[in-house]
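Contents: one structure, followed by commentary.
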Amino acid sequence: MPFASAGCNPGLEKTREAAWEWAEAEGLILSVPARRKMIRTRPELWISLIFPKASQHHLDLFCQWLFWAFLVDDEFDDGPAGRDPLMCEAAITRLVDVFDGAEPRGPMEQALAGLRERTCRDRSPQWNRQFRRDTAAWLWTYYAEAVERAAGQVPSRSDFVKHRRDSVAMQPFLDLHEITAGIDLPDSARSLPAYIALRNAVTDHSGLCNDICSFEKEAALGYEHNAVRLIQRDRGSTLQEAVDEAGIQLARIAERVVRAEKELIEEIDAAGIGSTTRAALERCVQDYRSLVRGDFDYHARAERYTRPDLVELDGRNSMSQYFAA
């Protein structure tokens, strides 16, 4: 890990309390295993490491997004909703429709509608387009995985890299970074090849780091959409050999971050980008390094990843109460 830590936001404990109070107020009643899993997940830790200088207001809002996203992730990764393509399609369609303004039904949809309103109402059209695209793309990856499971298929490693870029859900949080950074990139800046490459490298690092740390837990659940598992299948290697190769790939992705930073500065100069947009892009370059480091540190600290022995196989069917109808 070549990037220095920017530390942890001092508002961590306040944002943890705010997240659980928000969930209760939204009627998000977690089953006993789901509650235990969320406590081990510690969304407040990730958000505080990723956004170490965010205001308490932004930290609370972003943590509530993450709390909701982890609920969705657990529903579709671990529960039956992710193993029935028809149930999954109906649930994802509803969530995307609610994000687009449809009337919410049930606590998960109501929570999403509230988060969207609080987040998007003061943002520019171009930011809202980007955030909507990234959020919907993440949600639809659960349907893709449900269909592949039902068909008995696993993706190729190259296809999985593209899939994981959306499924790890880092892209929406890179959008949220603009809020706490006080920036709003124009579409021209978002279209710079090096900016796209930088976002992809940050996202790829998070996805592979997550897969390395999640492998044992996901193997116990029979979950095949994991880079380490795909390396192991593809190479016919041992688990340790697959983990070692994934670690080498992780280091190379960090090198891609550095290369994309350099190329972005060159493209800013070549495009004659003005001072305001230049400053916004430079802020991304500055903050993305600590974001990568914060994500890396989180995976080494949260019991969701450090204690695969705590996976509760018997609790899986109780996790899909929100999407069973």
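Positions are given from 1, in the same order as the sequence printed here.
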Within the side chain of Glu89, is there an N or O that forms a donor-acceptor pair under 3.5 Å with the backbone of Pro85?
no

Main-chain N/O of Ala194 paired with Glu267 side-chain donor or acceptor, under 3.5 Å:
yes

Measuring only between side-chain heavy atoms, which start at C-beta, is Leu71 closer than 4.5 Å to Leu30?
yes

Determine whether Arg164 and Ser167 satisfy the following criterion, side chain to side chain donor-acceptor pair (under 3.5 Å), listing intermediate values before the conclusion.
CA-CA 5 Å; Arg164 196 71 174 112; Ser167 72; 3.1 Å; yes

Any side-chain heavy atom of Val32 within less than 4.5 Å of one from Arg35?
no

Strictly below 4.0 Å, N to O, side chains only: are Glu109 and Arg94 in salt-bridge contact?
yes

Applying salt bridge (charged side-chain N to carboxylate O under 4.0 Å, His left out) to Asp175 and Arg199, what does each step give before you reach the verdict?
CA-CA 10 Å; Asp175 302 331; Arg199 280 181 65 117; 3.1 Å; yes

Thinking salt bridges, do Asp297 and Arg293 make one under a 4.0 Å N-O criterion?
yes

What I want to check is whether the side chains of Gln64 and Arg118 have a donor and an acceptor closer together than 3.5 Å.
yes

Output, in order, the C-alpha distance, side-chain angles, deciding distance and verdict of salt bridge (charged side-chain N to carboxylate O under 4.0 Å, His left out) for Asp184 and Arg123.
CA-CA 8 Å; Asp184 198 327; Arg123 301 300 294 173; 3.7 Å; yes

Taking Asp211 for the side chain and Val228 for the main chain, is one N or O donor matched with an acceptor at less than 3.5 Å?
no

Criterion ring-ring contact (aromatic ring centres under 6.0 Å, His included) against Phe173, the qualifying member of Phe131, Trp65, Tyr288, Trp46:
Trp46

Are the charged groups of Glu261 and Arg259 less than 4.0 angstrom apart, N to O?
no

To the nearest 0.5 Å, how far apart are OG1 in Thr203 and CG in Leu198?
9.0 Å

Pairwise distance CE(Met38) to CG(Asp74) - rounded to 0.5 angstrom
6.0 Å

Can you find a side-chain donor-acceptor pair between Asp295 and His205 that sits under 3.5 Å?
no

salt_bridge(Asp287, Lys53) N-O dist < 4.0 Å
no

Output yes when a side-chain donor or acceptor of Trp68 lies under 3.5 Å from a complementary backbone atom of Met108, and no otherwise.
yes

Decide salt bridge (charged side-chain N to carboxylate O under 4.0 Å, His left out) for Asp60 and Lys14; before the verdict, give the C-alpha distance in whole Å, the side-chain angles of both, and the deciding distance to 0.1 Å.
CA-CA 8 Å; Asp60 291 351; Lys14 289 183 179 179; over 6 Å; no

Taking it one step at a time, do Arg304 and Asp73 satisfy salt bridge (charged side-chain N to carboxylate O under 4.0 Å, His left out)?
CA-CA 13 Å; Arg304 181 185 181 96; Asp73 191 63; 3.2 Å; yes

Polar side-chain atom of Thr41 near backbone of Pro43 as donor-acceptor pair, under 3.5 Å:
no

Can you tell me how far the CD1 atom of Ile231 sits from the CD atom of Glu245, to the nearest 0.5 Å?
4.5 Å

Does the side chain of Ser156 come under 3.5 Å of the side chain of Asp159 through a donor N or O and an acceptor N or O?
yes

For the residue pair Trp138 and Tyr142, categorise the inter-ring angle as parallel (less than 30°), tilted (30 to 60°) or perpendicular (more than 60°).
perpendicular

State, with a plain yes or no, whether a side-chain heavy atom of Pro52 is found less than 4.5 Å away from one of Cys8.
no

What is the distance from atom CG of Leu208 to atom CD1 of Ile253, rounded to the nearest 0.5 Å?
5.0 Å

Output for pair (Thr277 OG1, Glu282 CD), nearest 0.5 Å, gives 11.0 Å

May I ask you to decide if the ring planes of His299 and Tyr305 are parallel, tilted or perpendicular, using 30° and 60° as cut-offs?
tilted

